[in-house]
*Asks:* 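Before anything else, here's the structure in question.
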Amino acid sequence: MGSHRHQAALRLYDCLLQVYNEGNKGIPKDPFPFEADIQVCLVDAGCGSPLECFWNGNSMIFIMQKVGYVEFTDQMEESQIDDATYISEFAPQKDSGPVALSVTRAKQLISLYTMAQNPNMTHLKISKPVVLPPLWVRCDSSDPEHTCWLGAEPLKNGKKITGISFHTVTCNGPTADITCFASLEDLKKAHKIRHRSSIVATKGFAQYELVRSTTLEDTGIESESNIYIDITWSIVDKILQTPPLTAAATLNIRLESGDPRSPVFQLHRELQFLIVLAEGLKTGVTEWPEPLVAESAVELVQELLNDLKNKLDGFNTSVHKNDAEKVQCDSAAVDSSIKSLFNERGDLDFAEQLWCKMRKSVTSYQDLVECFTLIIKSLEHGEIQPWIHQGSSSLLSKLIQQSYHGAMEAISLSGVTPIQMLLEIGLDKMKKDYVSCFIGQELATLTYLDYFISTSVELQEQVHRIQKLHHMLEILVSCTVFLHFKHENLFPLMQSCIKYYKENPLNEKHVFQLPIRPAVVNKFYQNDHAQIWRVEINSVPGQKEVKTVYQLSTSPPVEHMTSNNPGVLCDTTVNGNTEESMYFITMANCSQCYVKAASVETFKTV
């Protein structure tokens with residue numbers, strides 16, 4: 001029996017060592033097989049580890065779990081396929097997420113890992129022992145305590161193993177019954193007894209959602225956008241304590257464009273048309289959107305040209321005042337609730353006015369050809385002398401400048417030229433819109449924004465950088481409208497966004513963070529339930545570094561667990577006139593064992 005366990009420990013060590021060595025070359029994306037139904041993953045603890053709430057290590061970790069699906073192959077015999085099909089009816093499918101092992105099997109794996117890391121187990125004949133990363137095993141909560149994680153972490157003195165720290169995470173719920181919640185005093189007392197500590201310190205954490213997700217337009221897909229605040233403080237008074245205003249807080253912002261609630265939603269739709277043109281230029285196929293106005297593109301462009309002709313001939317243009325104001329309002333394309341933030345530009349030149357009309361009405365390539373034909377003929381005949389901004393690099397702007405001198409180069413409105421012409425004037429216009437906002441609110445300088453508006457890169461990259469500007473604007477507007485932020489908070493937030501997007505590609509799933517005083521946003525959560533509330537109980541410095549974690553959360557704290565309360569489908573329940581949150585109750589404990597004298601082949605629990 002002992003020989004069999006020793007061989008199993010050695011097989012586990014060899015497997016983990018191979019995974020570890022591969023990880024030193026770069027974290028593997030795919031799990032490694034250990035046994036027929038078990039696989040091991042190597043995870044960077046600093047990059048969204050599933051254990052970050054319960055373990056504060058900063059190294060790589062192993063995670064062992066059950067193989068979650070059966071893969072059919074051409075080499076499988078008929079009887080094997082029948083068996084696999086039978087199993088798959090009850091087993092999770094490939095996309096169902098991680099799958100847990102039984103608690104009994106998890107304990108066996110932890111035992112084997114501990115044996116392999118014990119420096120006194122010399123008869124395992126490990127030639128060059130290596131201190132491996134901590135091992136965590138997903139558990140199926142099948143025991144009375146509902147254990148969902150078991151972990152083992154080597155304790156080191158330099159490169160020498162001096163012991164092992166064992167971790168246990170249990171989870172129950174969800175429930176709204178507050179009598180199921182532990183008291184803080186009971187938790188502290190249990191910690192003192194378990195770890196023989198005379199004095200303990202407490203640390204609190206609470207997370208509140210300030211802006212919730214919604215469904216994105218035309219997709220029916222739930223947006224992953226949300227704004228939430230993480231708050232930490234020392235000296236916890238009671239379970240579910242509201243954080244004090246003296247606490248440290250970090251605002252976390254993840255926003256996806258396309259939320260119909262956004263005050264800049266119309267600007268998002270304008271950007272989408274720009275992206276349609278860029279895709280058409282790249283692929284040769286343009287998926288024209290439905291028109292937003294009844295008039296055709298040719299009619300609207302002819303009206304604009306007629307207006308310019310009348311101005312050139314000296315006719316009274318007062319009848320066109322409303323039309324001009326309409327174009328100005330369109331240039332801002334934002335909700336009236338943020339007009340003070342995103343000021344309507346009153347300096348639209350001819351190309352920008354043309355963009356405003358054409359983006360709403362163009363439905364085909366032929367529309368583009370006919371519209372630009374009208375414009376070029378009017379320029380060639382001297383019927384219009386439109387005003388344009390200095391510094392514009394679009395082909396249309398160059399033709400207009402040439403028309404001032406009565407000598408225009410001939411261009412062929414064929415191929416991708418008409419699409420490129422409209423894309424260029426759209427880029428020019430939208431760049432000015434975004435820059436006007438950021439500079440107008442004193443959130444950036446023109447020099448600092450130069451990266452985003454540079455014309456020295458190809459058109460596709462210019463569109464990509466415009467998307468970055470829009471994402472930053474979405475963040476700015478959301479924090480202004482929904483959270484009522486002032487310049488003192490908006491400025492560091494925008495500086496952080498700008499710095500990130502100068503160094504990284506567009507990523508609307510990125511979480512932007514801003515240190516903030518709780519008093520700035522406490523009115524949004526002071527009467528709300530926390531999505532996560534947690535207390536850490538630590539032995540004071542100078543004693544063993546051990547802690548107890550007690551957490552309440554409205555969402556399952558681990559990916560692989562199922563509710564112990566079947567039938568609960570939402571995170572709140574109505575209790576009379578009061579809506580009470582349904583909380584999962586999670587507890588994490590640890591114990592430490594140290595190496596005995598070299599002649600003894602076990603660890604000593606302390």
Side-chain angles (χ1 to χ4, degrees), residues 225 253-259 262 264-283 286 331-334 341-343 345 348-349 351-352 355-356 359 389-398 416 419-479 490-512:
S225 299
I253 305 166
R254 179 170 65 178
L255 288 179
E256 290 185 89
S257 302
D259 187 340
S262 171
V264 290
F265 179 63
Q266 294 305 319
L267 197 62
H268 164 76
R269 298 184 72 173
E270 184 175 348
L271 176 61
Q272 291 307 110
F273 183 68
L274 196 74
I275 294 172
V276 165
L277 294 176
E279 285 296 310
L281 191 63
K282 181 170 65 175
T283 65
T286 306
S331 73
V334 293
L341 173 67
F342 201 109
N343 293 322
R345 287 178 51 218
L348 297 186
D349 65 10
E352 292 172 319
W355 164 261
C356 291
R359 77 170 186 86
H389 288 295
Q390 288 186 348
S392 176
S393 60
S394 69
L395 176 56
L396 180 61
S397 296
K398 291 178 181 178
V416 298
I419 295 177
Q420 181 172 330
M421 289 176 68
L422 186 59
L423 175 60
E424 288 175 345
I425 63 177
L427 275 169
D428 277 353
K429 187 263 183 184
M430 297 198 74
K431 286 177 184 177
K432 290 184 176 66
D433 286 344
Y434 293 117
V435 169
S436 175
C437 173
F438 290 117
I439 293 180
Q441 296 300 312
E442 298 182 350
L443 299 172
T445 63
L446 184 60
T447 301
Y448 203 47
L449 294 172
D450 182 67
Y451 163 85
F452 300 98
I453 60 176
S454 172
T455 58
S456 62
V457 295
E458 62 178 13
L459 289 175
Q460 299 295 336
E461 176 60 22
Q462 291 184 46
V463 172
H464 186 72
R465 295 183 185 185
I466 285 287
Q467 290 177 269
K468 294 181 180 182
L469 283 173
H470 182 82
H471 190 214
M472 291 191 292
L473 180 65
E474 292 270 13
I475 293 170
L476 169 64
V477 168
S478 293
C479 290
L490 294 174
F491 181 78
L493 175 60
M494 287 298 101
Q495 294 297 299
S496 171
C497 293
I498 291 171
K499 183 178 185 301
Y500 174 82
Y501 271 140
K502 282 185 175 182
E503 301 169 354
N504 297 280
L506 178 70
N507 180 10
E508 295 193 345
K509 296 186 183 299
H510 178 73
V511 178
F512 291 95

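Just so it is clear, the structure is predicted and the values come from calculations on it, not from any experiment.
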*Asks:* Would you call M494 and Q441 a side-chain contact if the rule is heavy atoms closer than 4.5 Å?
*Replies:* no
*Asks:* Which pair of non-hydrogen atoms, one from Q420 and one from L459, has the smallest distance, and what is that distance?
*Replies:* CG-CD1, 3.7 Å
*Asks:* Please report the interatomic distance OG(S478) to CD1(I253), rounded to the nearest 0.5 Å.
*Replies:* 8.5 Å
*Asks:* Would you find a donor on one side and an acceptor on the other, under 3.5 Å apart, between the side chain of S225 and the backbone of E256?
*Replies:* yes
*Asks:* Donor-acceptor check, side chain of K502 to backbone of Y448, threshold 3.5 angstrom: yes or no?
*Replies:* yes
*Asks:* Does F273 have any ring pair (Phe, Tyr, Trp, His ring centres under 6.0 Å) partners at least two apart in sequence or in another chain, and if so, which?
*Replies:* W355
*Asks:* List the atom of Q462, the atom of L427, and the distance in Å for their closest heavy-atom pair.
*Replies:* OE1-CD1, 3.9 Å
*Asks:* Can you sort out the partners of S456 under side chain to side chain contact (heavy atoms under 4.5 Å, CB included), two or more places apart, ordered by chain and number?
*Replies:* S454
*Asks:* Can you list the residues that meet the side chain to side chain contact (heavy atoms under 4.5 Å, CB included) rule with I439, with sequence neighbours excluded?
*Replies:* V435, L446, L449
*Asks:* Check S393 against T455 and note the closest heavy-atom contact, atom names and distance.
*Replies:* OG-CG2, 3.7 Å
*Asks:* If only atom types and distance count, is the side chain of Q495 paired as donor or acceptor with the main-chain N or O of L443 below 3.5 Å?
*Replies:* yes
*Asks:* In Å and rounded to the nearest 0.5 Å, what is the CD to CD distance from Q272 to E279?
*Replies:* 10.5 Å
*Asks:* Measure the shortest side-chain to side-chain distance between I453 and Y434 over non-hydrogen atoms and say whether it is less than 4.5 angstrom.
*Replies:* no
*Asks:* Just wondering, do L396 and E424 contact through their side chains at under 4.5 Å, heavy atoms?
*Replies:* no
*Asks:* Show the nearest heavy-atom pair for residues M430 and L274, with the distance to one decimal.
*Replies:* SD-CD2, 4.1 Å
*Asks:* Just by distance, no angles: are the side chains of E270 and Q266 close enough, under 3.5 Å, to form a donor-acceptor pair?
*Replies:* no
*Asks:* In terms of heavy-atom contacts, does CD of E503 have more than 12 from other residues, nucleotides or ligands at under 6.0 Å?
*Replies:* yes
*Asks:* Please verify the inter-ring angle class for H470 with H268; under 30° counts as parallel, over 60° as perpendicular, anything in between as tilted.
*Replies:* tilted
*Asks:* Sequence neighbours left out, what pairs pass salt bridge (charged side-chain N to carboxylate O under 4.0 Å, His left out) with at least one residue falling in residues 454-478?
*Replies:* E461-R465
*Asks:* Can you tell if the side chain of K429 reaches within under 4.5 Å of the side chain of C356, non-hydrogen atoms only?
*Replies:* yes
*Asks:* Please find the pair of heavy atoms, one from F452 and one from K431, that lie closest to each other, and give the distance.
*Replies:* O-CE, 4.5 Å
*Asks:* Quick check: do L469 and D433 have side-chain heavy atoms less than 4.5 Å from each other?
*Replies:* no
*Asks:* Under the side chain to side chain contact (heavy atoms under 4.5 Å, CB included) rule, collect the residues that match up with T286, sequence neighbours excluded.
*Replies:* V276, W288, I419
*Asks:* Quick one: are Q460 and H464 in side-chain contact, heavy atoms under 4.5 Å?
*Replies:* no
*Asks:* Hey, does the side chain of H471 reach the backbone of L255 with a donor-acceptor pair shorter than 3.5 angstrom?
*Replies:* yes
*Asks:* Enter the distance from L395:CG to L422:CG here, rounded to the nearest 0.5 Å.
*Replies:* 12.0 Å
*Asks:* Taking all heavy atoms of I475 and all of C497, pick out the closest pair and write down the distance.
*Replies:* CD1-SG, 4.0 Å
*Asks:* Could you tell me the separation between the OH atom of Y501 and the CG atom of N507, rounded to the nearest 0.5 Å?
*Replies:* 6.0 Å
*Asks:* Test of understanding: with ring pair (Phe, Tyr, Trp, His ring centres under 6.0 Å), list the residues that count as partners of H510, not counting sequence neighbours.
*Replies:* Y500, F512
*Asks:* Would you mind checking if D428 and K432 are paired as a salt bridge, meaning a charged N to carboxylate O distance below 4.0 Å?
*Replies:* no
